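Note that this is a predicted model, so its numbers are computed, not measured. FYI, the numbering just counts along the sequence from 1.
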Amino acid sequence: MTWTAPRIARTTVDGDQLNVASTADERVMLEGWLRWHRETLLTKCAGLTPAQLARTAAEPSGLTLLGLVRHMAEIERWWFRRSFAGERIGDVFTGPGDGDEGIEGVDAAHAERDFAAFRSEIEACEAAVAGRGLDEAFVYAGRGRTVSLRWVYLVMIQEYARHNGHADLLRERTDGATGDYPAPA
């Protein structure tokens, strides 16, 4: 049987697909919205074969759904583990042709491995910030300014929001599926 991107059960709160109470505290809201965006990317990929995930569906762009999954694993690692937590670790995806933070170097033969790396990175990122305060800060080396964990959460939410828009279009062009819970048309 050929591997396909797994279907996921969306996290819900009181039956609400947005998975966070609208009156929760700030940390719960930030974590909830980030989880929702992470799950959204996975739902856009659900049920697709490795070849479909690696397909450039909106030419002339070389962007793929698998490239987005790889890219977000890299961005998660960069902000939560390397920048905020100060871990001295390399990239998630390394090697010739992997440039542009995981977007390039996509190989359908490695789709299952890449999805596992994405999920593993999310778990590691969640562990890196567990129990840490939103006001805790670090100096962002790229810009030489101090930023807080709160800022990192907001950056990650906007990063996913932007790329989930790309994923919407790529999925629709791949098999016609649209919506929050895409099913092939």
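- Glu76 places no side-chain N or O within 3.5 Å of a backbone atom of Cys125 that could act as its donor or acceptor partner.
- Residues Trp78 and Leu149 are members of one and the same hydrophobic cluster, defined by side-chain heavy-atom contacts under 4.5 angstrom among Ile, Leu, Val, Met, Phe, Trp and Tyr.
- Sequence neighbours left out, the pairs with a member in residues 101-129 that pass ring-ring contact (aromatic ring centres under 6.0 Å, His included) are Trp3-Phe115.
- Here the CD-CG distance, from Gln158 to Leu34, works out to 11.5 Å after rounding to the nearest 0.5 Å.
- Under the 4.5 Å side-chain heavy-atom criterion for ILVMFWY residues, a single connected hydrophobic cluster contains both Val155 and Leu68.
- Between Ala46 and Pro6, the shortest heavy-atom contact is CB-O, 3.6 Å.
- Considering every non-hydrogen atom in both Leu30 and Leu154, the closest pair reads CD2-CD2, 3.7 Å.
- Between the OG1 atom of Thr43 and the CH2 atom of Trp36 there is a distance of 8.0 Å, given to the nearest 0.5 Å.
- Between the Thr56 side chain and the Glu59 main chain, no donor and acceptor come within less than 3.5 Å of each other.
- Between the CD1 atom of Ile157 and the CZ atom of Arg162 there is a distance of 14.5 Å, given to the nearest 0.5 Å.
- Of all non-hydrogen atoms in Leu41 and Ala167, the two that sit nearest each other are CD1-CB, 4.1 Å.
- Taken from NE2 in His37 to CG in Leu42, the straight-line distance is 13.0 Å, to the nearest 0.5 Å.
- Applying the side chain to side chain contact (heavy atoms under 4.5 Å, CB included) criterion to Thr146, with sequence neighbours excluded, gives Ala137, Val139.
- Under the 4.5 Å side-chain criterion, counting only non-hydrogen atoms from C-beta, Arg82 is in contact with Asp91.
- The shortest side-chain heavy-atom distance between Leu170 and Ser61 does not fall under the 4.5 Å cut-off.
- Clustering ILVMFWY residues whenever any of their side-chain heavy atoms sit less than 4.5 angstrom apart, transitively, puts Val152 in the very cluster that holds Leu134.
- Transitive grouping of hydrophobic side chains (ILVMFWY, heavy atoms separated by less than 4.5 Å) keeps Leu169 and Leu63 in distinct clusters.
- Pairs of residues two or more places apart, or lying in two chains, that qualify as side-chain hydrogen bond (donor to acceptor under 3.5 Å, both in side chains) and include a residue from residues 113-132 are Arg38-Glu126, Arg70-Asp114, Arg77-Glu121, Arg81-Glu121, Arg132-Glu136.
- Of all the heavy atoms in Asp175 and Ala177, the pair that sits closest is OD1-N, 3.0 Å.
- The two atoms that bring Gly102 and Val106 nearest to each other are O-CG2, 4.4 Å, heavy atoms only.
- For the side-chain hydrogen bond (donor to acceptor under 3.5 Å, both in side chains) test, no residue two or more places apart in sequence or in another chain qualifies with Thr174.
- Side-chain contact between Asp168 and Lys44 is present, with heavy atoms from C-beta onward closer than 4.5 Å.
- A salt bridge (Lys or Arg N to Asp or Glu O under 4.0 Å) check over residues 45-56, counting only residues at least two apart or in different chains, returns nothing.
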>> If you apply the rule side-chain contact (heavy atoms from CB on, under 4.5 Å), what do you find for Gln52 with Leu65, and how did you get there?
In response: CA-CA 8 Å; Gln52 288 173 310; Leu65 286 166; over 6 Å; no

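- Residues Cys45 and Ala5 approach most closely at O-CB, 3.1 Å, considering heavy atoms.
- Residue pairs meeting the ring-ring contact (aromatic ring centres under 6.0 Å, His included) criterion with at least one partner in residues 147-170, sequence neighbours excluded, are His71-His163, Trp79-Trp151, Phe80-Tyr153, His163-His166.
- Rounding to the nearest 0.5 angstrom, the gap separating the CG atom in Leu53 from the CD atom in Glu112 is 11.5 Å.
- A heavy-atom distance below 4.5 Å is found between the side chains of Thr40 and Arg10.
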